[in-house]
Student: 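This is the structure I have questions about; it appears just below.
The structure presented is a predicted model; accordingly, all values stated were derived computationally and were not measured.
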Amino acid sequence: GVQVSTVAAKSIKTSLPVTIAQASIIPQSIVYGKPDRVTIQTGQPLTGANAVLEAIGQGDVRSAIATKTEVTGSSIEVMFAQPLARESKYELTVKHATSQDSGYLEKPYVLPFTTSGGPKAQKVNIGKRSIGLQPGNLVVTFDQTLKQDVDYSKLVSLTSGGAVQTVAVSSMGDTLTIRLQQPLALCAKIDLRIAGTISNTYDVGGNIAWSHQSRAICYTISTIGHSVNGRAIHAYRFGAGASKILYLGATHGDERGTKYLMDNWIDELEADPDRIPANRTILVVPNLNPDGFAANSRRNSRGVDLNRNFPADNWKSDVTMPGGQLVQAGGGSTALSEPESQAIAGLVQSERPRLVLTYHSVGSLVQANGSGDSDALVSLYAAISRYYVLPISENDTAFHYDTTGAFEDWLHDELQIPALLIELSSHGSSDFQRNREAMWKVAQR
């Protein structure tokens, strides 16, 4: 057999590697303060450590920063010989650390971090346009907490329509709140600027040179009347010229695309008000028949077809609906018996527009009422929209029912106001892209 014997015997004591528990700067963080050192906590008492700090420039070019390293108990303290530059990248590396029981770092500990600049504006609570005339507070949010007890009003300016506005400015956390002292003018251009040095809570500052341009809302809304059931009928007004054009939708509540088209048109006018001629006012009534629209019904809530309720020369009370149905008093008990008809008639009589455009469906056609330059305008509109022109004399070929007491006929018979009737290609679609430039073209005539 094999004989086993002890040649030598000796006690061996093992040690644990040095571990990093935490650091006073979080790895990969942005440092907003002005640190003069980094303190690193390890898992056991130390006898020594070696650390270096490097600034990292463009192209990963590194330059050493002078430091002093001290070890106290289980802490490594790396002190900087000079203040750190702002908005710069750094990397602190603990290359070696030895514990009292001869343990050591298994690999260097690397702590990358970035120093911040001064506060920078990140966002504002207003967009580029359509600010209300009573805008409330404008709130600018920064990327870090601002220094408090500072008179920020000296650093903030706001002009509206080229005139300097009086504002009150307060700060809280990472925001500046700017309160206007007077209403904005309609469609006024707004220029909000913050200049000068703004500091964070650690007194780290910088010239932010921030500005934001916006514009006040360009329309007013008025209530011209109410439906049978009390729903408001609104008119939107753009521009301030003496020459007025009226656009009208949803006379028939089930022709929903006409209301959507007017909504699109309002958005278009608000987005590009500079296209409106200086001598022009544009009026838009998107929904003349709000009860019918809510019920998806052609007629109003009393069963009257509003486009048979106007005092044109051919008005009558009993009318034929699309499909051939004869409706007793479908044209109203009298002309203008309905509050919706009265509302639009009152608007027309007070505003005296040079042109009225009324939108219906379905037909993909345009028709002039024969007053003024409506025949020339209908040809223009048709050429751009690619709808066909329907002469009044050929109504029977398109509609197959009486169109007595129509709004456009009343405009011709009593007021001699040019009007275009536009029939969209579907009940549900706005056909906006097809109508858009035609609507602009007549608005600019």
Side-chain angles (χ1 to χ4, degrees), residues 4-120 122 142-150 173-174 197-206 208:
V4 178
S5 62
T6 302
V7 176
K10 187 176 182 180
S11 297
I12 298 173
K13 183 179 181 181
T14 61
S15 61
L16 296 173
V18 173
T19 58
I20 304 298
Q22 63 181 16
S24 59
I25 292 178
I26 298 172
Q28 302 291 353
S29 66
I30 298 175
V31 177
Y32 295 102
K34 298 178 179 180
D36 61 1
R37 67 193 62 203
V38 175
T39 301
I40 299 169
Q41 297 292 335
T42 67
Q44 53 268 88
L46 303 177
T47 58
N50 174 256
V52 296
L53 177 67
E54 295 176 306
I56 303 174
Q58 293 289 336
D60 201 35
V61 175
R62 295 168 178 255
S63 56
I65 304 296
T67 61
K68 178 182 178 182
T69 302
E70 291 183 355
V71 170
T72 304
S74 58
S75 296
I76 304 170
E77 195 162 53
V78 184
M79 294 164 282
F80 311 147
Q82 60 193 52
L84 299 182
R86 307 311 306 180
E87 296 185 277
S88 300
K89 292 183 178 180
Y90 293 93
E91 194 170 270
L92 175 69
T93 303
V94 179
K95 293 187 173 183
H96 307 287
T98 306
S99 66
Q100 291 179 358
D101 60 359
S102 301
Y104 57 89
L105 281 173
E106 291 185 311
K107 61 180 180 179
Y109 171 74
V110 180
L111 171 58
F113 64 94
T114 303
T115 55
S116 74
K120 293 180 176 63
Q122 298 293 291
F142 292 79
D143 64 347
Q144 53 194 282
T145 304
L146 303 180
K147 186 176 181 179
Q148 303 301 300
D149 301 321
V150 175
D174 61 354
T197 298
I198 291 181
S199 299
N200 65 15
T201 52
Y202 301 99
D203 266 335
V204 175
I208 67 166

Student: Can you name the nearest heavy-atom pair linking Thr69 to Ala49, along with the distance?
Tutor: CG2-O, 4.0 Å

Student: Could you tell me which residues satisfy side-chain hydrogen bond (donor to acceptor under 3.5 Å, both in side chains) with Gln148, sequence neighbours excluded, listed by chain and number?
Tutor: Ser171

Student: Please set out all donor-acceptor pairs under 3.5 angstrom arising from side-chain atoms of residues 73-85, sequence neighbours excluded.
Tutor:
residue: Ser75; atom: OG; partner: Gln41; partner atom: OE1; Å: 3.0
residue: Ser75; atom: OG; partner: Gln41; partner atom: NE2; Å: 2.9
residue: Glu77; atom: OE1; partner: Arg37; partner atom: NH1; Å: 3.4
residue: Glu77; atom: OE2; partner: Arg37; partner atom: NH1; Å: 3.4
residue: Glu77; atom: OE2; partner: Thr39; partner atom: OG1; Å: 3.4

Student: Do you know which two heavy atoms are closest between Gly48 and Val71, and how far apart they sit?
Tutor: C-CG2, 3.8 Å

Student: Checking Asp149 now: which residues fulfil salt bridge (charged side-chain N to carboxylate O under 4.0 Å, His left out) with it, not counting sequence neighbours?
Tutor: none

Student: Only pairs at least two apart or in different chains count here, so list each ring pair (Phe, Tyr, Trp, His ring centres under 6.0 Å) that has a residue in residues 99-119.
Tutor: Tyr90-Phe113

Student: Can you name the nearest heavy-atom pair linking Pro119 to Gly205, along with the distance?
Tutor: CD-CA, 4.4 Å

Student: Measure the spacing between CD of Glu106 and CG of Leu16 and express it to the nearest 0.5 Å.
Tutor: 10.0 Å

Student: What residues form a side-chain hydrogen bond (donor to acceptor under 3.5 Å, both in side chains) with Ser99, not counting sequence neighbours?
Tutor: Asp101

Student: Listed by chain and number, what are the salt bridge (charged side-chain N to carboxylate O under 4.0 Å, His left out) partners of Lys95, not counting sequence neighbours?
Tutor: none

Student: How would you list all residue pairs meeting salt bridge (Lys or Arg N to Asp or Glu O under 4.0 Å) that involve residues 65-76, not counting sequence neighbours?
Tutor: Lys68-Glu70

Student: Output all residues satisfying side-chain hydrogen bond (donor to acceptor under 3.5 Å, both in side chains) with Asn200, sequence neighbours left out; order by chain, then residue number.
Tutor: Gln144

Student: Can you list everything that forms a side-chain hydrogen bond (donor to acceptor under 3.5 Å, both in side chains) with Thr115? Sequence neighbours excluded, please.
Tutor: none

Student: Do Leu105 and Ile20 touch side chain to side chain, with heavy atoms closer than 4.5 Å?
Tutor: yes

Student: With sequence neighbours excluded, tell me which residues meet salt bridge (charged side-chain N to carboxylate O under 4.0 Å, His left out) with Lys120.
Tutor: Glu87

Student: Return the CD1 to OG1 distance between Ile56 and Thr114, rounded to the nearest 0.5 Å.
Tutor: 8.5 Å

Student: Are the side chains of Val38 and Leu53 in contact, using a 4.5 Å heavy-atom criterion?
Tutor: no

Student: With a 4.5 Å limit on heavy-atom distance, are the side chains of Thr98 and His96 in contact?
Tutor: no

Student: For residues 17-64, pull every pair meeting ring pair (Phe, Tyr, Trp, His ring centres under 6.0 Å), keeping only residues two or more places apart or in separate chains.
Tutor: none

Student: Do side-chain atoms of Ser29 reach the backbone of Pro27 as a donor and acceptor pair under 3.5 angstrom?
Tutor: no

Student: Can you give me the closest heavy-atom contact between Leu111 and Ala23, atom names plus distance?
Tutor: CD2-CB, 4.2 Å

Student: Can you name the nearest heavy-atom pair linking Ala51 to Leu92, along with the distance?
Tutor: CB-CD1, 4.4 Å

Student: At what distance, to the nearest 0.5 angstrom, does OG1 of Thr201 lie from CG of Leu146?
Tutor: 9.0 Å

Student: Could you note down all residue pairs passing side-chain hydrogen bond (donor to acceptor under 3.5 Å, both in side chains) where residues 43-61 supplies at least one of them, sequence neighbours left out?
Tutor: Glu54-Arg62

